[in-house]
Number of protein chains: 2
Amino acid sequence: MQKRKTLENRDPLLQAVATRIRALREGKGIAQEVFAYEAGIDRSYYGGIERGKYSPTAINLAKIAVALDVEVGELFPGREELVVLLTSHN
Amino acid sequence: MQKRKTLENRDPLLQAVATRIRALREGKGIAQEVFAYEAGIDRSYYGGIERGKYSPTAINLAKIAVALDVEVGELFPGREELVVLLTSHN
DNA sequence: CTGTGACTCTTAGTCCGTA
DNA sequence: CTACGGACTAAGAGTCACA
């Protein structure tokens, strides 16, 4: 995938997405544990997503967006920012 | 992941995303080969995405959206349709 | 120009447990 | 309630060759 080191993923794009997801979940005042269950994904893995550790697939992004009751697009930064995030590193 | 059959991915959500991506690319009148190169991903792998074979990760979705010059959200169906697609199968 | 099979390697994703 | 680690399985990432 993103030829990355096995430990500690610090991809800025993932961090941006992670932060948005966490903010939306906390906005609903619901715990990771409960939210992950509702979204139908593992709590441990979901926690990793909020920490920017994983690059969730289209299907899981859709599950999360639905559970958060928002559009998938709201989980990502805008086009302009994406360009920066994608070119700022690898 | 999606506790699904090992061969032939026919997830309706992936098909929906795949169709949108293909339509957008063709709208630009550009070949898979050229587009994949611009997006920085392998031609063969990219072809698989357009066939709904893979559930691309957040990072690849971002690369594709940027190359298509659209928002990531435009690659996904709206919330209402997502609910249907996510519950219509597994 | 695109679809696929085959293959290798890495990561997504699950499950358990502990601080 | 959240972070994180280990162990493991399934699937994505990436490349080639050929129809």
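Throughout, protein chains are lettered first and strands after them, A, B, ... in sequence-line order, and every chain is numbered starting at 1. Because the structure is predicted, anything quoted here is derived from the model rather than measured.
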### Task
Select one nucleotide: of C/dC1, D/dG12, D/dT2, the one nearest the side-chain heavy atoms of B/S55.
D/dG12
## Note on the structure
When rounded to whole Å, the CZ to P distance for the pair B/R43 and C/dG5 reads 14 Å
### Query
Does the side chain of A/R20 reach to within under 4.5 Å of the side chain of A/E74, using non-hydrogen atoms?
no
### Message
Does a side-chain N or O of A/R22 approach OP1 or OP2 of D/dA3 to a distance below 4.0 Å, or not?
### Response
yes
### Query
In whole angstroms, how far is the C1' atom of D/dA3 from the CD1 atom of A/I49?
15 Å
### Message
Rounded to whole Å, how long is the line connecting atom CG of B/L13 with atom P of D/dG12?
### Response
12 Å
### Query
For the pair made of CD1 in B/I30 and P in C/dC1, what is the distance, rounded to whole Å?
10 Å
### Query
For A/E33 and C/dG17, what is the distance between atoms CD and P respectively, to the nearest whole Å?
14 Å
### Query
For the side chain of B/S55 and the backbone of A/I59, is there at least one donor-acceptor N/O pair under 3.5 Å apart?
yes
### B/Y54 OH to C/dT11 C1', straight-line distance once rounded to whole Å
14 Å
### Message
Would the distance check show the side chain of B/R25 and the main-chain N or O of B/I30 forming a donor-acceptor pair, the cut-off being under 3.5 Å?
### Response
yes
### Query
Is any N or O donor-acceptor pair between the side chain of A/R51 and the base of D/dG5 shorter than 3.5 Å?
no
### Task
Answer yes or no: side-chain N or O of B/S44 and base N or O of C/dT4 forming a donor-acceptor pair under 3.5 Å.
yes
### Message
Using whole Å, what does the distance between atom C1' of nucleotide D/dC1 and atom CD of A/E50 come to?
### Response
12 Å
### Query
Regarding A/Y46 and A/E50, is there a side-chain donor-to-acceptor distance under 3.5 Å anywhere?
yes
#### Entry: Value in whole Å for how far the P atom of D/dC1 lies from CD of A/E38
13 Å
